[in-house]
**Q** 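Once you've had a glance at the structure underneath, I'll fire off some questions.
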There are 2 protein chains.
Amino acid sequence: MNVDQAMNKLKEEGYKHTDKRLDMLQLFSDESRYLAAKDVLEALHDKYNGLSFDTIYRNLSLFTELGILEATELDGEKKFRFSCSTDHHHHHLICLDCGKTKHIHECPMDHSPIYSEGFKVIGHKFEVYGYCEECGKLKEDIEKAKKTIPEN
Amino acid sequence: MNVDQAMNKLKEEGYKHTDKRLDMLQLFSDESRYLAAKDVLEALHDKYNGLSFDTIYRNLSLFTELGILEATELDGEKKFRFSCSTDHHHHHLICLDCGKTKHIHECPMDHSPIYSEGFKVIGHKFEVYGYCEECGKLKEDIEKAKKTIPEN
DNA sequence: CACTTGTATAAGAATCATTCCGATTTACTT
DNA sequence: AAGTAAATCGGAATGATTCTTATACAAGTG
């Protein structure tokens, strides 16, 4: 799935083409990490001066309904990323600092089918949290700096 | 872990015994399912007329810090349940209606250790969602009723 | 190209969960 | 019983998200 395909999908489903939608999708395509509504606002703020949260939230949920974005909830915030590919189920390692992700191709539901008497399963969530290479290094540097200047 | 052990833990750590804390823990012990702050307020409202959300939230996070409760985030709400047992790592099937849970003894991190170059893993979440037997039946009944009276 | 119609957007109010704050009350120590 | 720090109350503040109403715009039609 790329930006053009996503815009086509919108058209197919009877939604209109707008520059804001295009730019939102372009942003998610470029970043390929989890972004919150406020990140989107920040990124598009310069180009669209009066861009409203309502527009962002409305489009984020529209894109998610259409399978263009995938959503998760992290730290009390809804976050979204470009859908990796519609054809294969997968999970993510997620960087808690920057939202960057890496694929996990295995799904826990595959090797040990979850079953419990009377319980009707309709979905699951498997996410691994941590820090990506860059953010991890940044953290180490901060620790070092703290040791050098322990007080204040 | 039971209510008495939890109250002892509080005392050990230098926190005071209060009736509200006791009753909150008793509630979680009785219910053994995920509850949100407002559920706690509702349950204790009759006994403590002016019970404030601040008290509930403060104690919920205290209990969670001490490992007495475990927390998750579902549908934009923080939810808490009595910690099943401190001695073995586990996951849950969670009923999306009533918050009731069942154990999953297997952990996806066990059979396929997640590793990705440069990514520092610090935690994970694996939850299976669905409907418990009671809530599932309730849903079916509602569906049946809708078919019987399709309009209105 | 101008017109029409319904969708998209802006701006700000409203809502919901959660946290903060100052004043008061309570549990525990001596 | 008095002193002290912790716990609670009540309400205000915050932050994310949704709703509402009026206006702007995209896209199909003549």
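Chain identifiers are assigned alphabetically (A, B, ...) following the order of the sequence lines, protein sequences preceding nucleic acid strands; residue numbering begins at 1 within each chain.
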**Q** Would you mind reading off the distance between A:E73 atom CD and C:dA17 atom P, rounded to a whole angstrom?
**A** 13 Å
**Q** Report, one line per pair, each donor and acceptor closer than 3.5 Å where one atom sits in a side chain of residues 4-20 of chain A; sequence neighbours left out.
**A**
unit_1: A:Q5; atom_1: OE1; unit_2: A:M1; atom_2: N; d: 3.4
unit_1: A:Q5; atom_1: OE1; unit_2: A:N2; atom_2: N; d: 2.7
unit_1: A:T18; atom_1: OG1; unit_2: A:R21; atom_2: N; d: 3.1

**Q** Could you tell me the separation between the CD atom of A:E13 and the C1' atom of C:dA8, rounded to a whole number of Å?
**A** 17 Å
**Q** When the distance from CD of A:E77 to C1' of C:dA17 is rounded to whole Å, what number comes out?
**A** 14 Å
**Q** If you define the side chain from C-beta out and look only at heavy atoms, does anything of A:F82 sit under 4.5 Å from A:S32?
**A** no
**Q** Does a side-chain N or O of A:R58 approach OP1 or OP2 of C:dT9 to a distance below 4.0 Å, or not?
**A** yes
**Q** Write down the atom of A:E70, the atom of A:Y34, and the distance for their closest heavy-atom approach.
**A** O-CE2, 3.8 Å
**Q** Rounded off to whole Å, could you give me the CG-to-C1' distance for the A:L41 and C:dA11 pair?
**A** 13 Å
**Q** Give a yes/no on whether any side-chain N or O of A:Y57 is located under 4.0 angstrom from OP1 or OP2 of D:dT18.
**A** no
**Q** Please figure out whether B:S61 or A:T55 has its closest DNA chain C nucleotide nearer the 5' end.
**A** A:T55
**Q** Checking the side chain of B:Q26 only, and the main-chain atoms of B:V3 only, is there a donor and an acceptor separated by less than 3.5 Å?
**A** no
**Q** Expressed as a whole number of angstroms, how long is the span from A:I56:CD1 to D:dT17:P?
**A** 11 Å
**Q** Could you state the CZ-P distance from A:F63 to C:dA8, rounded to the nearest angstrom?
**A** 10 Å
**Q** Restricting both atoms to N or O, compile the protein contacts to nucleotides 10-13 of chain D shorter than 3.5 Å, with distance only.
**A**
unit_1: D:dG10; atom_1: OP2; unit_2: B:G50; atom_2: O; d: 2.8

**Q** For the residue pair A:C84 and A:R81, what are the closest heavy atoms and their distance?
**A** SG-NH2, 3.5 Å
**Q** Classify the side-chain pair A:K125/A:T72 by whether it contains a donor and acceptor separated by less than 3.5 Å.
**A** yes
**Q** Out of B:H90, B:H105, B:H91, B:H92, which residue meets the ring pair (Phe, Tyr, Trp, His ring centres under 6.0 Å) rule with B:F126?
**A** B:H91
**Q** Could you check how far CG of A:L22 sits from C1' of D:dA27, rounded to whole Å?
**A** 17 Å
**Q** Would you list the protein and nucleotides 24-30 of chain C atom pairs, both N or O, that sit under 3.5 Å from each other?
**A**
unit_1: C:dA27; atom_1: O3'; unit_2: B:H17; atom_2: O; d: 3.3
unit_1: C:dA27; atom_1: N3; unit_2: B:K16; atom_2: NZ; d: 3.4
unit_1: C:dC28; atom_1: OP1; unit_2: B:H17; atom_2: N; d: 3.1

**Q** Over all heavy atoms of both residues, which pair between B:Y48 and B:D23 is shortest? Give the atoms and the distance, please.
**A** OH-OD2, 2.6 Å
**Q** Shortest non-hydrogen contact from B:A36 to B:E77?
**A** CB-OE2, 3.7 Å
**Q** Take the protein atom CZ of B:R21 and the nucleotide atom P of D:dC9, then report the distance between them rounded to whole Å.
**A** 11 Å
**Q** Side chain of A:K38, heavy atoms from C-beta onward: which of C:dT19, D:dA7, D:dA16 has the nearest atom to it?
**A** D:dA16
**Q** At under 4.0 Å, does any side-chain N or O of A:K79 touch on OP1 or OP2 of D:dA16?
**A** no
**Q** Would you indicate which nucleotide in D:dT18, C:dT18, C:dT9 comes nearest to any side-chain atom of A:K78?
**A** D:dT18
